[in-house]
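Data block below; observations after.
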Amino acid sequence: MNFNSTGNNFGAGQIAFKSHQEENFVVLNAKFTYNPESPEYQAADVLEIYVPDLSIDRSAIAGVFLRFRDVRDSYGYTWDNSGGTVLKSWVKDKNTLCIEKLTNFDEKGEITIYVLALYTMLARGGNPIKGTQTRLQTTSENNYLRWGYDSFFVEFEHWVFLHMMYSGCTYAYRDSAWECSLDNLPSGITADVPFCGGGNQYNPSVDGMSEAHIENGVLTCQTRTAGFDDTGHDPFIFAFLVRDVEE
């Protein structure tokens, strides 16, 4: 089910959501930006997004991704130090999605939030659902992109959990736009997803954060942050994704 927000308390515009809703959980997908200089944002203690009735009244905490842009030019070279982190979010009531307010990166300008989360209902029992973990199969030209064995998905009729762990890239393709076929990923998935990881020289409190796009079973990533291949900062993708199928 797709719907639009009915308002918010931090000066962002209307926010488009994809969702799959059941009686004891909701999967929500959205991407939006806000301006930290807006008076509405500065007055807010918690970021609140107002939405049409959800199927749950309140939820446990789930993570959403915050990303800022920090691109510098030095001696003719573009040095991308964009980064980000994970924020707490929760369903406060059936009409309000809350996201914690983190001001650490307000000086970076426009902030992007990615909601790719599953919210479980608080204080309500229910029969658990069980999915099967399937190893993700990928193809790239001359196999220049490599992914770890812990790259997998769990498929349900209306949504998918996806985890991808970057392993390496052939040196000649390091600065190219990447394209990779996700051969056995279930159909109906279209989303921008944060590609988290990589060192961040100018923002050492966080790792780098790039952006990838998934559509028609293909992952593309136009650029990566400067420290993407730094040792010990393994890039990954982690997302609950709503499928574009008939409810």
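Note that the structure is a prediction, hence the values are computed from the model and not measured.
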Would you sort out whether Arg146 and Thr138 count as a side-chain contact (heavy atoms from CB on, under 4.5 Å), showing the intermediate values? CA-CA 8 Å; Arg146 298 179 294 279; Thr138 64; over 6 Å; no
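- Within the 4.5 Å cutoff, the side chain of Ile111 has heavy atoms near those of the Pro36 side chain.
- Proximity of a side-chain donor or acceptor of Asn143 to a complementary backbone N or O of Thr170 within less than 3.5 Å is not detected.
- Asn203 places no side-chain N or O within 3.5 Å of a backbone atom of Val206 that could act as its donor or acceptor partner.
- Two residues are said to be in side-chain contact when any heavy atoms from C-beta on lie closer than 4.5 Å; Phe152 and Val154 meet this criterion.
- One distance of note links CD1 of Ile237 with CG of Leu162; it measures 6.5 Å at 0.5 Å rounding.
- At a threshold of 4.5 Å between non-hydrogen side-chain atoms, the residues Val242 and His158 do not count as touching.
- Counting only distance, with no hydrogens or angles, the side chain of Asp230 and the backbone of Gly198 share no donor-acceptor pair below 3.5 Å.
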Kindly determine whether Trp159 and Phe25 satisfy side-chain contact (heavy atoms from CB on, under 4.5 Å), including the steps that lead there. CA-CA 12 Å; Trp159 58 281; Phe25 73 91; 3.8 Å; yes
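- In this structure, CG on Asp192 lies 9.5 Å from OG1 on Thr112, to the nearest 0.5 angstrom.
- Here the shortest heavy-atom pairing between Gly13 and Ser5 reads O-OG, 4.4 Å.
- Side-chain contact annotation: Ser82 with Asp70, donor-acceptor N/O pair under 3.5 Å absent.
- In this structure, the side chain of Lys18 engages the main chain of Thr190 through a donor-acceptor pair within 3.5 Å.
- Glu48 approaches Phe10 most closely through the heavy-atom pair O-CE2, 3.6 Å.
- Heavy atoms of other residues, nucleotides or ligands lying less than 6.0 angstrom from CG of Asn2 number more than 12.
- Atom OG1 of residue Thr78 and atom CG of residue Asp73 lie 4.5 Å apart, to the nearest 0.5 angstrom.
- For Thr225 (side chain) and Ser210 (main-chain N/O), no donor-acceptor pair under 3.5 Å exists by modelled atom type.
- Criterion: ILVMFWY side-chain heavy atoms under 4.5 Å apart, direct or through other members. Under it, Leu241 and Val86 are part of a common hydrophobic cluster.
- Taking both residues in full, the closest heavy atoms of Ala12 and Thr33 are given as CB-O, 3.6 Å, listed atom of the first, atom of the second, then distance.
- Two residues are said to be in side-chain contact when any heavy atoms from C-beta on lie closer than 4.5 Å; Pro186 and Glu155 meet this criterion.
- With Ser38 contributing its side chain and Asn35 its backbone, the two residues share a donor-acceptor pair below 3.5 Å.
- Counting only heavy atoms from C-beta outward, the side chains of Leu182 and Phe153 never approach each other to under 4.5 Å.
- Here the two rings, on Phe65 and Phe238, have centers that are 6.0 Å apart or farther.
- In this structure, Val91 is not a member of the same hydrophobic cluster as Ile61, with clusters built from ILVMFWY side-chain heavy atoms closer than 4.5 Å.
- For the residue pair His213/Glu211, the side-chain donor-acceptor check at 3.5 Å is not satisfied.
- A salt bridge does not link Arg224 to Asp175: none of the charged side-chain nitrogens sits closer than 4.0 Å to a carboxylate oxygen.
- Phe17 and Phe32 fall within a single hydrophobic cluster, where Ile, Leu, Val, Met, Phe, Trp and Tyr side chains are chained together by heavy-atom contacts under 4.5 Å.
- Remark: Glu37 CD is loosely packed, at most 12 non-hydrogen atoms of other residues, nucleotides or ligands lying under 6.0 Å away.
- Note on ring orientation: taking the six-membered ring where Trp is involved, the planes of Trp178 and Tyr166 are parallel (angle under 30°, cut-offs 30° and 60°).
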I would like to know whether Thr85 and Asn104 meet side-chain contact (heavy atoms from CB on, under 4.5 Å); could you show each step before the answer? CA-CA 10 Å; Thr85 188; Asn104 299 48; over 6 Å; no
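- In the model, Thr103 has no side-chain atom that pairs as donor or acceptor with a side-chain atom of Asp106 under 3.5 Å.
- In this structure, the side chains of Tyr173 and Glu141 come closer than 4.5 Å at one or more pairs of heavy atoms.
- Between the side chain of Glu23 and the backbone N or O of Ser55 there is no donor-acceptor pair closer than 3.5 Å.
- The two atoms that bring Leu145 and Cys180 nearest to each other are CD1-CB, 3.8 Å, heavy atoms only.
- Formation of a donor-acceptor pair under 3.5 Å by the Lys31 side chain with backbone atoms of Ala191 is not found in this model.
- At least one donor-acceptor pair under 3.5 Å links the side chain of Glu100 to the backbone N or O of Lys88.
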Tell me, with the steps shown, if Ser205 and Phe105 meet side-chain contact (heavy atoms from CB on, under 4.5 Å). CA-CA 11 Å; Ser205 65; Phe105 308 108; 4.1 Å; yes
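- The line from OH of Tyr50 to CG of Asn8 is 7.5 Å long, rounded to the nearest 0.5 Å.
- Contact between Phe3 and Leu54 at its shortest, heavy atoms only, is CZ-CD2, 4.2 Å.
- His163 contributes a side-chain N or O that, together with a main-chain N or O of Asp150, makes up a donor-acceptor pair within less than 3.5 Å.
- The number of heavy atoms from other shown groups lying within 6.0 Å of OH (Tyr171) does not exceed 12.
- A pairwise comparison of heavy atoms in Asn200 and Gly208 identifies ND2-CA, 3.8 Å as the closest pair.
- Separation of atoms CD (Glu157) and CZ (Arg243) is listed at 8.0 Å; rounding is to 0.5 Å.
- Hydrophobic clustering of Ile, Leu, Val, Met, Phe, Trp and Tyr side chains at less than 4.5 Å, counting indirect connections, unites Met164 with Tyr144.
- Here the CG atom belonging to Leu28 is positioned 11.5 Å from the CD1 atom belonging to Ile15, to the nearest 0.5 angstrom.
- The hydrophobic clustering, which links ILVMFWY residues whose side-chain heavy atoms are closer than 4.5 Å, places Leu87 and Val26 together.
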